[in-house]
**Q** 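Just dropping this structure here.
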Amino acid sequence: MKTITLVALTLLVFVVPFSVSSQQKKAEASVNYGNNPAAGNYLSTRGIKLYYETYGKGEPLLLIHGNGGSIHDMKYQISYFQKYYKVIIADSRSQGKSIDTAETLNYETMADDMNALLDSLHIKSAYVIGWSDGGINGLLLAMRHPEKVKKLVASGANLIPDASVLDPAGVAFITETKKELNAGIQDAATKNTLKLLNMMALEPHIPLTDLQKILCPVLVVGGDNDVIKPAHTLQIFENIPQAYLWILPASGHATLQRYKDEFNVKVQSFFTQPFRKINWDDWDK
C-alpha cells in the first residue's frame, strides 16, 4: 500500500554556498533513480533476478519501497542519505525491474529477499527505512533476521489487511481496482498488478506479540490522515520493546515524499542518537 522532499564579502559568503547547493540539487535531479546503469546491478537469488542500485559510502542503509512502486519512489531519501551512508535499494520482486513469474506473492518472501541482498553484499547489519509495504517488509526483516537491522524506520505499515486498521476508502480502492482489472484483458502486466493487489488485500497477518521479537530501536511513522488508521500505528508502536512514535499532522500515506525534508532530518537524528525512553515528567525541574 501504498504511500513522500533554502558589500562584496557578504555576497561571497552567501552567493557561493547558494550556487554550490543549486548545482548539487541540479545534479541530484538529473539522476534517474531506478534506471541508472552506473548504480544498478542484478542479483540472481531465490528464483528471481532482483534489480538494485547503490549510492554513497559509509554504513549501509537499506531502503524498501511500497506496493506497486519502485526504486524511484524513494528518490528524496536516496539523494539525502547517500551523503551519509551507503544506500542500497532494490525493486521488490514483481515490481520495477525485478521480475517474478510466480502466481502468488507474500511479504515474508520479500523480507527474505532483502536479507539475501544484504548477504550478497556481505552486509552483516544495516539501517533500514521502509515505506508502506516496505514498512511491513522492514518489520518482518527485523523479526525474521534480527541481526540484520541496526535501526528501523517503518512508515505507513500495517499488521493485518482489513477495515479494522485501514481507512474504508483505501479498502474500497483496492476492491474497485481489482474488479476493473479482472474485467479487462489479462495480459502479463495486468496479472502482475492483480498479484500485488491480491497480496495487499489478503495479507499480512502479523500477531502483535511477534513485534516483541524486534530487538532494534524502531521509529514508527504515520500520517494523521493515513490510509493506515493512526490507532493501528499506535498499536505497532506500543508492542515494540524499543520504539518511538511519530504521527505527522496534515499528512496522508506519503509522509516521506510530502514532508521529505522534515522526514529525512528526523530519521537522520534517530539513526545517529542513542535510543532512550523519556520519562513522562520531562519538564524543567
**Q** Does a donor on one side chain sit under 3.5 Å from an acceptor on the other, for Asp187 and Thr190?
**A**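 Indeed, the side chains of Asp187 and Thr190 share at least one donor-acceptor pair under 3.5 Å.
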**Q** So does Ile278 have more than 12 non-hydrogen atoms from other groups sitting under 6.0 Å from CD1?
**A**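 More than 12 heavy atoms, drawn from other residues, nucleotides or ligands, come within 6.0 Å of this atom.
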**Q** Using atom types as modelled and distance alone, determine if a side-chain donor or acceptor of Asp224 lies under 3.5 Å from a backbone N or O of Pro230.
**A**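 No: the side chain of Asp224 does not pair with the backbone of Pro230.
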**Q** Any side-chain heavy atom of Leu63 sitting closer than 4.5 Å to one from Ile88?
**A**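 No. Closest side-chain heavy atoms not under 4.5 Å.
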**Q** Side chains of Leu211 and Ile214: does their closest heavy-atom pair fall under 4.5 Å?
**A**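 Contact flag for Leu211/Ile214 side chains = yes.
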**Q** The criterion is side chain to side chain donor-acceptor pair (under 3.5 Å); which residues satisfy it with Asp113, sequence neighbours excluded?
**A** Arg46, Arg93
**Q** Verify side-chain contact (heavy atoms from CB on, under 4.5 Å) between Thr272 and Tyr84, making sure each step is shown before the conclusion.
**A** CA-CA 11 Å; Thr272 55; Tyr84 307 103; over 6 Å; no
**Q** Could you tell me if the side chain of Leu181 sits less than 4.5 Å from the side chain of Thr193, heavy atoms only?
**A**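 SC-SC contact between Thr193 and Leu181 confirmed.
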**Q** Does Asn198 reach the main-chain N or O of Leu194 with its side chain, forming a donor-acceptor pair under 3.5 Å?
**A**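 Yes: the side chain of Asn198 pairs with the backbone of Leu194.
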**Q** Looking at every heavy atom in both Glu53 and Gly40, which two are closest together, and how far apart are they?
**A**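 What the structure gives for the nearest pair is CG-CA, 3.7 Å.
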**Q** Quick test of your reading of the model: are Asp167 and Lys229 salt-bridged, counting only N-O distances below 4.0 Å?
**A**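 No salt bridge links Asp167 with Lys229.
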**Q** Measure the spacing between CD of Glu108 and CG of Asn137 and express it to the nearest 0.5 Å.
**A**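 Reported value, rounded in 0.5 Å steps: 9.0 Å.
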**Q** Who passes side chain to side chain donor-acceptor pair (under 3.5 Å) against Glu238, sequence neighbours left out?
**A**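 None.
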**Q** Kindly give the heavy-atom pair with the smallest separation between Gln186 and Gly184, and that separation in Å.
**A**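 Taking Gln186 first and Gly184 second, the nearest heavy atoms are NE2-O, 3.0 Å.
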**Q** Between Asn182 (side chain only) and Lys178 (backbone N and O only), is there a donor and an acceptor less than 3.5 Å apart?
**A** yes
**Q** Under 4.5 Å between any side-chain heavy atoms of Ile160 and Leu166, yes or no?
**A**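 They are not in side-chain contact.
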**Q** Could you tell me whether a side-chain N or O of Ser70 sits under 3.5 Å from a main-chain N or O of Asp91, the two making a donor and an acceptor?
**A**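 The answer is no, because no donor-acceptor pair under 3.5 Å joins these two groups.
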**Q** Can you tell me how far the NZ atom of Lys150 sits from the SG atom of Cys216, to the nearest 0.5 Å?
**A**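 The SG atom of Cys216 is 11.5 Å from NZ of Lys150, to the nearest 0.5 Å.
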**Q** Hey, what do you get for OG (Ser269) to CG (Leu219), rounding to the nearest 0.5 Å?
**A** 9.5 Å
**Q** One pair to check against side-chain contact (heavy atoms from CB on, under 4.5 Å): Asp133 and Tyr107. What are the steps and the verdict?
**A** CA-CA 8 Å; Asp133 275 20; Tyr107 291 106; 3.0 Å; yes
**Q** Counting N and O atoms only, with roles assigned by atom type, does the side chain of Ser98 sit under 3.5 Å from a partner on the main chain of Tyr51, one being a donor and the other an acceptor?
**A** yes
**Q** Decide side-chain contact (heavy atoms from CB on, under 4.5 Å) for Ser44 and Lys49; before the verdict, give the C-alpha distance in whole Å, the side-chain angles of both, and the deciding distance to 0.1 Å.
**A** CA-CA 4 Å; Ser44 295; Lys49 289 185 69 176; 3.8 Å; yes
**Q** Answer with yes or no whether the side chains of Tyr76 and Asn264 bring together a donor and an acceptor at under 3.5 Å.
**A**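 Distance-only check fails for Asn264 and Tyr76.
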**Q** With the side chain counted from C-beta on, respond yes when Leu196 and Ser94 share a heavy-atom pair under 4.5 Å apart, and no when they do not.
**A**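 In contact.
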**Q** Quick check against the 3.5 Å criterion: does Asn192 have a side-chain atom that pairs as donor or acceptor with the backbone of Ala189?
**A**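 Answer holds: no.
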**Q** Checking side-chain polar atoms at under 3.5 Å, does Lys195 have a donor or acceptor matched by the opposite partner on Thr104?
**A**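 Note: Lys195 and Thr104 side chains miss the donor-acceptor criterion.
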**Q** Counting heavy atoms not belonging to Asp281, are there more than 12 under 6.0 Å from its CG?
**A** yes
**Q** What do you reckon, are the aromatic ring centroids of Phe81 and Tyr127 less than 6.0 Å apart?
**A**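 No, the ring of Phe81 stays outside the 6.0 Å limit from the ring of Tyr127, centre to centre.
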**Q** Where is the tightest heavy-atom contact between Ala90 and His65, given as atom of each residue plus distance?
**A**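 Smallest interatomic distance, heavy atoms only, reads O-CD2, 3.3 Å.
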**Q** Under the 3.5 angstrom rule, does the side chain of Glu203 hit a backbone N or O of Ala201 as a donor-acceptor pair?
**A** no
**Q** Is any side-chain heavy atom of Phe263 closer than 4.5 Å to a side-chain heavy atom of Gln77?
**A** yes
**Q** Grouping I, L, V, M, F, W and Y whenever their side-chain heavy atoms are under 4.5 Å apart, do Ile99 and Leu105 come out in a common cluster?
**A**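 The answer is no; the residues belong to distinct hydrophobic clusters.
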**Q** Using 0.5 Å steps for rounding, measure from the CG atom of Leu197 to the CD1 atom of Ile174.
**A**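 Result: 7.0 Å between the selected atoms.
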**Q** Please check this pair: side chain of His145 against backbone of Met114, looking for a donor-acceptor N/O pair closer than 3.5 Å.
**A** no
**Q** Mind checking whether Ile240 and Val220 have side chains closer than 4.5 Å, heavy atoms only?
**A** yes
**Q** Please report the interatomic distance CD1(Ile236) to CD1(Ile228), rounded to the nearest 0.5 Å.
**A** 7.5 Å
**Q** What pair of heavy atoms forms the shortest contact from Ser79 to Lys83, and how long is it?
**A** O-CE, 3.9 Å
**Q** Quick one: do the Asp73 and Tyr33 side chains pair a donor with an acceptor below 3.5 Å?
**A**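 Side-chain D/A pair, Asp73 to Tyr33: absent.
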**Q** Check whether any side-chain N or O of Thr177 sits under 3.5 Å from a backbone N or O of Phe173 as a donor-acceptor pair, and report yes or no.
**A** yes
**Q** From the options Phe271, Phe237, Phe275, select the one residue that forms a ring pair (Phe, Tyr, Trp, His ring centres under 6.0 Å) with Tyr244.
**A**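 Among the candidates, only Phe275 passes.
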**Q** side-chain hydrogen bond (donor to acceptor under 3.5 Å, both in side chains) between Tyr85 and Gln268: does it pass, once the steps are laid out?
**A** CA-CA 10 Å; Tyr85 304 93; Gln268 174 64 351; 2.7 Å; yes
**Q** Do Lys97 and Leu50 have side-chain heavy atoms sitting under 4.5 Å apart?
**A**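 Not touching, per the 4.5 Å side-chain cut-off.
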**Q** Begin from the C-alpha positions of Asn225 and His253 and carry the test side-chain hydrogen bond (donor to acceptor under 3.5 Å, both in side chains) through to its verdict.
**A** CA-CA 7 Å; Asn225 196 35; His253 195 52; over 6 Å; no
**Q** To the nearest 0.5 angstrom, please state how far the CG atom of Leu141 sits from the CD1 atom of Ile64.
**A** 6.0 Å
**Q** Can you tell me if Asn279 uses its side chain to pair, donor with acceptor, with the backbone of Asp282 under 3.5 Å?
**A**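 No, Asn279 side chain to Asp282 backbone: no donor-acceptor pair under 3.5 Å.
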**Q** Does a donor on one side chain sit under 3.5 Å from an acceptor on the other, for Tyr80 and Gln82?
**A** no
**Q** Taking Leu152 as the starting point, is it possible to reach Leu215 by hopping between hydrophobic residues whose side chains are less than 4.5 Å apart?
**A** no
**Q** Other residues, nucleotides and ligands only: do more than 12 of their heavy atoms fall within 6.0 Å of NZ on Lys124?
**A**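 Result for NZ/Lys124: open.
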**Q** Could you go through Asn36 and Tyr55, starting from their C-alpha distance and side-chain angles, then the distance that decides it, and tell me whether this counts as side-chain hydrogen bond (donor to acceptor under 3.5 Å, both in side chains)?
**A** CA-CA 11 Å; Asn36 182 6; Tyr55 297 89; 3.1 Å; yes
**Q** Are a donor atom and an acceptor atom from the side chains of His72 and Asn35 found within less than 3.5 Å of each other?
**A** no
**Q** Please determine whether residues Val171 and Leu202 belong to a single hydrophobic cluster, defined as Ile, Leu, Val, Met, Phe, Trp and Tyr linked transitively by side-chain heavy-atom distances below 4.5 Å.
**A**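 No, because Val171 and Leu202 fall into different hydrophobic clusters, even though each may have its own neighbours under 4.5 Å.
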**Q** Within 45° of the ring axis of Phe270 and under 6.0 Å from its six-membered ring centre, is that where the NZ or CZ of Lys151 lies?
**A**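 Yes, Lys151 and Phe270 form such a contact.
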**Q** What heavy-atom pair brings Gly135 and Ala154 nearest, and what distance separates the two atoms?
**A** O-CB, 4.1 Å
**Q** Is the shortest side-chain N to carboxylate O distance from Glu103 to Lys191 below 4.0 Å?
**A** no
**Q** With Gln95, which residues qualify under side chain to side chain donor-acceptor pair (under 3.5 Å), at least two apart?
**A** none
**Q** Tell me the closest heavy-atom pair linking Thr45 and Ala116, and the distance in Å.
**A**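 Smallest heavy-atom distance, with atoms named: OG1-CB, 3.5 Å.
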